[in-house]
Number of protein chains: 2
Amino acid sequence: MDFGGAQSVDRALGLLALVGRHAGRGAALSSLVEESGLNKPTARRLLLALIRAGFVEQDEATRRYYLGAESYVLGSLAAPRYGLLQFAMDSVVRLSRQTQDSAFVSVRRDLVSVCLHREEGTYPVRTHALQTGFEHPLGCGAGSLAILAALPDAEIEAVLEANAAVLAASYPLYPPERIRADVAETRAQGYALNPGLIVANSWGVGVAIRDPFGRAIGALSIAAIDSRLQGPRQAEIGALLAAEATRVEQKLAQRQSVYFTPVPEAGRKTA
Amino acid sequence: MDFGGAQSVDRALGLLALVGRHAGRGAALSSLVEESGLNKPTARRLLLALIRAGFVEQDEATRRYYLGAESYVLGSLAAPRYGLLQFAMDSVVRLSRQTQDSAFVSVRRDLVSVCLHREEGTYPVRTHALQTGFEHPLGCGAGSLAILAALPDAEIEAVLEANAAVLAASYPLYPPERIRADVAETRAQGYALNPGLIVANSWGVGVAIRDPFGRAIGALSIAAIDSRLQGPRQAEIGALLAAEATRVEQKLAQRQSVYFTPVPEAGRKTA
DNA sequence: CGATGTGGTCCACGATATGGACCGCAGCAT
DNA sequence: ATGCTGCGGTCCATATCGTGGACCACATCG
């Protein structure tokens, strides 16, 4: 199979994405080394290249790595095409206020769902299972499941197959059959439920956001401890989420007509 | 001089930034080759790496290159640290409505100013000199000059020196002395004026935006044909801009206290 | 139906990235 | 003080990897 060379570029971009997933907290060299599978000199050398280009910055004192200004500029320039956060921000804040629990926007990125923003709830007991930058395979977690359930059946199968290895390795509570069942339930209920399958007692409810072509591109979700997402409140929150998702979809439909691309490329195999 | 290796990474990141500067329009391979100074096979190979990582997408039909989803995700993750667009968006829209001319947010990126968003004016005769993604050396253009004038004198000299080569080569109407004079005028007036120095008859007025530490990080600006920016209207627009800049600064001060970094690294020499 | 301008690919050559070994430092329990 | 551990960072001989001139395929145009 021909990958077209440029391996060090692949590694550098992987590192960049990794630094992004640690944004806020900052990433230590050692953790980047571990998570990327690179060795230290290589990781360091690539980070220097990323720093040189302004995509990453290093805190002089703590030596931790953060995303740099160029990353922000790039994202802002990409916003017209993908601007989910821009349009979902209001809704997330509103959801968090209304429910007192933490609210999230996630976006689909190929085979996974990435959390773009977490709006802290006011209720004193909170779950911190999901934080900005975290990602899970499609189907794992409330928002992630909502996205998956909104895809055409054929695509769901393709995604599950491509994710099979990761699921088996890191998500023991999520065998493919389970996810298929969850998808069916999500479609029946109108909202996705995660009954603490990633972190025990940390439940979530999610609803997908579709682009003007009807493709699921992201999700809104709420997370709380199990006792706050039982009985009627679950469906109430599902309805709230659905209402806000519709608002986001309307904003997307208004502004983006010019920019949106017909097809964002199918999921590819795992490396 | 030791650059720490990883040259192909530098080139790839340069290409990525370049694709970003063409966002919206999309970038043709040939123009990327020309603007980057790379040769075709190399550029193509690096682009394939960028596509593989999701930072760039290629339109199947037109073969043009666009920023990909990962670029957007990355930028969203960097937003808490650099979120200027997020907070300036409202102001730009308002400015454009009030003045009927096109309004812009730009952000400082080392030695240059990059236009993050252009809000189209309603007035029938418009200038298209500045578009989203365009960048100019600090001091060249209204917003860019506003940023420069808001820096400490020592930093201004450092920036001018570092930019000397580019200015001499590509901005014949901007000798360093001229920029120094413009800075003085900007500080006296309270707003920066570009009297058609980049594109003839395309004038602009700009005001800097400062972060909570007082450092100039970006600018708001208005552009129009010369006849619409003469006499009293010039200062009126200057005042409007200053008012909106203050609003943005307040939003930044509120939200960002936790995130903002003390020092964003001094300008480095041109390559 | 040649001429020109795209986008894209091949492959021999040699410049380039690699990673095991190493350094210096900070914290901490002897 | 003294050794230990874990951290961030760097060196440099080795061989792997990227390079770019030459080339192909396909449109468009006069």
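Throughout, a chain's letter reflects where its sequence line sits, starting with A, and its residues are numbered from 1. Everything numeric in this text was worked out from a predicted model, so none of it was measured.
Looking only at atom types and distance, the side chain of B/Tyr171 has a donor-acceptor partner in the side chain of B/His136 under 3.5 Å away.
The distance between atom CG of A/Leu48 and atom C1' of D/dC11, rounded to the nearest whole Å, is 14 Å. Rounded to a whole Å, the CG atom of A/Asp10 is 13 Å from the C1' atom of D/dG18. B/Leu50 has its CG atom 13 Å from the P atom of D/dG18, to the nearest Å. The nearest whole Å value for the distance from the CZ atom in A/Arg64 to the P atom in D/dC7 is 12 Å.
Taking a cutoff of 4.0 Å between a charged side-chain nitrogen and a carboxylate oxygen, A/Glu35 and A/Arg21 do not qualify as a salt bridge.
A/Gln58 has no side-chain polar atom (N or O) that falls below the 4.0 Å cut-off from OP1 or OP2 of D/dG8. Between B/Arg44 and C/dG8, a side-chain N or O to OP1/OP2 separation shorter than 4.0 Å is present. Remark: A/Arg63 is in phosphate contact with D/dG9, judged by side-chain N or O atoms under 4.0 Å from OP1 or OP2.
Rounded to 10 degrees, the angle between the two end axes of the helix from C/dC1-D/dG30 to C/dT30-D/dA1 is 30°, with five pairs used at each end.
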With the criterion being N/O to N/O and under 3.5 Å, what pairs connect the protein with nucleotides 18-28 of chain C, and how long is each?
| from | atom 1 | to | atom 2 | distance (Å) |
| --- | --- | --- | --- | --- |
| C/dT18 | OP1 | A/Arg11 | NH1 | 3.0 |
| C/dT18 | OP2 | A/Arg45 | NH1 | 2.5 |
| C/dT18 | OP2 | A/Arg45 | NH2 | 3.3 |
| C/dG19 | O5' | A/Asn39 | ND2 | 3.0 |

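In this structure, the side chains of B/Leu85 and B/His117 come closer than 4.5 Å at one or more pairs of heavy atoms. Side-chain contact check for A/Leu116 versus B/Tyr72: some heavy-atom pair is nearer than 4.5 Å. In this structure the side chain of B/Arg118 reaches within 4.5 angstrom of the side chain of B/Ser102, judged on heavy atoms.
Rounded to the nearest 0.5 Å, atoms CG (B/Leu67) and CZ (A/Arg81) are 8.0 Å apart.
A/Phe134 pairs by the ring pair (Phe, Tyr, Trp, His ring centres under 6.0 Å) definition with nothing, not counting sequence neighbours. Not counting sequence neighbours, the partners of B/Thr127 by the side-chain hydrogen bond (donor to acceptor under 3.5 Å, both in side chains) test are B/Ser202. Every residue two or more places apart in sequence or in another chain that forms a side-chain contact (heavy atoms from CB on, under 4.5 Å) with B/Ser113 is listed here: B/Ser106, B/Leu138, B/Ser144, B/Ile147.
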- Please lay out, stage by stage, how A/Leu47 and A/Gln58 fare under the test side-chain contact (heavy atoms from CB on, under 4.5 Å). CA-CA 9 Å; A/Leu47 283 167; A/Gln58 182 171 26; over 6 Å; no
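Shortest non-hydrogen contact noted between B/Pro137 and B/Asn163 is CB-ND2, 3.7 Å.
The stretch residues 26-37 of chain A comes close to DNA chain D through A/Ala28, A/Leu29, A/Ser30, each having a heavy atom under 4.0 Å from the strand.
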